[in-house]
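What follows is a short report on a single structure.
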There are 2 protein chains.
Amino acid sequence: MKKKFRMTRQRRIILEELRNLHSHPTADEVYDIVRKRMPRISLGTVYRNLEILSQWGLAQKLDLAGNRRRFDGSTDDHYHVRCVRCGEIEDVAGEPLQNLEESVRSSTEFEIIGHRLNFLGFCPKCRHEAEEPLVPPIREEPQSIDEK
Amino acid sequence: MKKKFRMTRQRRIILEELRNLHSHPTADEVYDIVRKRMPRISLGTVYRNLEILSQWGLAQKLDLAGNRRRFDGSTDDHYHVRCVRCGEIEDVAGEPLQNLEESVRSSTEFEIIGHRLNFLGFCPKCRHEAEEPLVPPIREEPQSIDEK
DNA sequence: ATAACTGCAAACGTTTTGCCAGCAT
DNA sequence: ATGCTGGCAAAACGTTTGCAGTTAT
């Protein structure tokens with residue numbers, strides 16, 4: 001039995017604001033923005049709707065290592081860079097890779113439907129203050145490594 | 001002023017177990033396993049050390065949309081598939097893409113140091129029971145969409 | 001009438017933290 | 001003696017959920 005979803009006022013406004021924003025907001029950043037237009041909306045509603053909009057394909061839940069979920073209102077294929085030091089996200093220009101899926105289909109049981117590509121790096125703010133690369137201490141018992 | 005990190009017993013055992021495991025465990029899966037060898041280790045220690053090992057480049061914090069952090073003990077370049085329905089992760093075979101970074105360097109202020117590629121799809125268990133693709137309802141006010 | 005939805009607050013599970021004792025330097 | 005670390009427990013945080021009232025079909 002199917003659920004009939006509706007495009008409610010809250011849902012539409014969340015989507016509009018998400019699209020106007022050219023960033024990659026967390027649920028509560030969206031909440032803060034939407035609240036300017038709908039002061040009584042609740043954070044729970046924002047979570048529920050971001051989830052549903054993502055299922056509809058109208059928004060994307062991003063694949064990121066941090067522990068706050070981030071969303072993206074643009075649905076066309078594009079990739080991201082993430083700063084490994086401060087976590088900042090930005091879009092990267094460039095054509096999506098074609099036929100990547102093909103090359104994996106033969107080697108997995110999964111039914112492949114797409115891909116996500118993130119570049120890693122240092123953002124302009126962090127590139128200067130970045131700690132020097134750390135050399136792995138392999139195996140031996142007590143040993144030490146520098147860090148800031 | 002720099003911090004001197006040491007390779008402690010806990011840290012080494014966490015790393016060993018992470019490497020033996022050919023999966024993508026959460027912190028508390030690692031905790032359960034390590035506890036068999038060190039019953040008094042604490043979950044906090046596991047979190048702290050997985051974080052540090054990732055900074056060292058001895059482990060990876062994965063880029064995933066779910067809300068539990070997952071780690072990977074293998075440091076050689078490889079990609080993952082994630083089931084969009086149940087969240088299961090698996091490695092995919094195949095050569096890492098070369099020169100991807102080059103193509104982005106010209107168009108971003110970030111200093112690019114690498115990339116992460118995840119394929120999306122349905123795992124064998126989910127591929128049959130997957131709901132049909134949802135058609136986006138664009139813009140118009142009240143409208144409805146089917147879902148399970 | 002029924003089913004989907006919202007606001008609210010409480011509940012939940014994950015991750016982080018403060019503290020103190022122990023150990024390596 | 002100093003400073004990194006681990007265990008423990010509490011706290012913090014992000015996200016989800018139950019409920020009662022509302023709205024669309």
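In what follows, chains are A, B, ... by sequence order, proteins preceding strands, each numbered from 1.
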Spacing between A/R12 atom CZ and C/dA4 atom P, to the nearest angstrom: 21 Å

Residues B/H80, B/H78; criterion ring pair (Phe, Tyr, Trp, His ring centres under 6.0 Å); working and verdict: CA-CA 7 Å; B/H80 298 104; B/H78 66 282; 4.7 Å; yes

Remaining members of hydrophobic cluster (4.5 Å side-chain criterion), A/V104: A/Y79, A/V81, A/V92, A/L97, A/L100, A/F110, A/I112, A/L117, A/F119, B/Y79, B/V81, B/V92, B/L97, B/L100, B/V104, B/F110, B/I112, B/L117, B/F119

Interatomic distance, A/L43 CG vs C/dA11 C1' [rounded to whole Å]: 14 Å

Close approaches to DNA chain D from residues 20-34 of chain A, in residue order (heavy atom, under 4.0 Å): none

Remaining members of the apolar cluster that contains B/L64, side-chain heavy atoms under 4.5 Å: B/L62, B/I89

side-chain hydrogen bond (donor to acceptor under 3.5 Å, both in side chains) contacts touching residues 104-113 of chain A (sequence neighbours left out): A/E102-A/R105

Over all atoms of both residues, closest heavy-atom pair of A/C126 and A/R85: SG-NH1, 3.3 Å

Rounded (10°) bend between the five-pair end axes of the helix from C/dA1-D/dT25 to C/dT25-D/dA1: 30°

Donor-acceptor side-chain pairing of B/R70 and B/T26 below 3.5 angstrom: no

Distance-only side-chain donor-acceptor flag, B/H22 / B/D91, under 3.5 Å: no

Pairs: protein N or O with nucleotides 5-8 of chain D N or O, under 3.5 Å:
from	atom 1	to	atom 2	distance (Å)
D/dT5	OP1	B/R6	N	3.0
D/dT5	OP1	B/R11	NH1	2.6
D/dT5	OP1	B/R11	NH2	3.2
D/dG6	OP1	B/T8	OG1	2.6
D/dG6	O3'	B/Q10	NE2	2.9
D/dG7	OP1	B/Q10	NE2	3.4
D/dG7	OP2	B/S42	N	3.2
D/dG7	OP2	B/T45	OG1	3.1
D/dG7	O5'	B/R40	O	3.3
D/dG7	N7	B/R48	NH2	3.0
D/dC8	OP1	B/R40	NH2	2.5
D/dC8	OP2	B/R40	O	3.4

Check against salt bridge (Lys or Arg N to Asp or Glu O under 4.0 Å), A/R68 and A/D28: CA-CA 10 Å; A/R68 302 176 63 177; A/D28 62 79; 3.3 Å; yes

Side chains of A/R11 and A/N49, donor plus acceptor under 3.5 Å: yes

B/R69 vs C/dG13: side-chain N/O to OP1/OP2 distance below 4.0 Å: no

Considering all heavy atoms, the nearest A/L18-A/P25 contact: CD1-CG, 3.7 Å

Distance in angstrom units between A/N67 CG and C/dG13 P, rounded: 18 Å

B/F71 six-ring face occupied by B/R69 cation (under 6.0 Å, within 45°): no

Interatomic distance, B/Y47 OH vs D/dA12 P [rounded to whole Å]: 18 Å

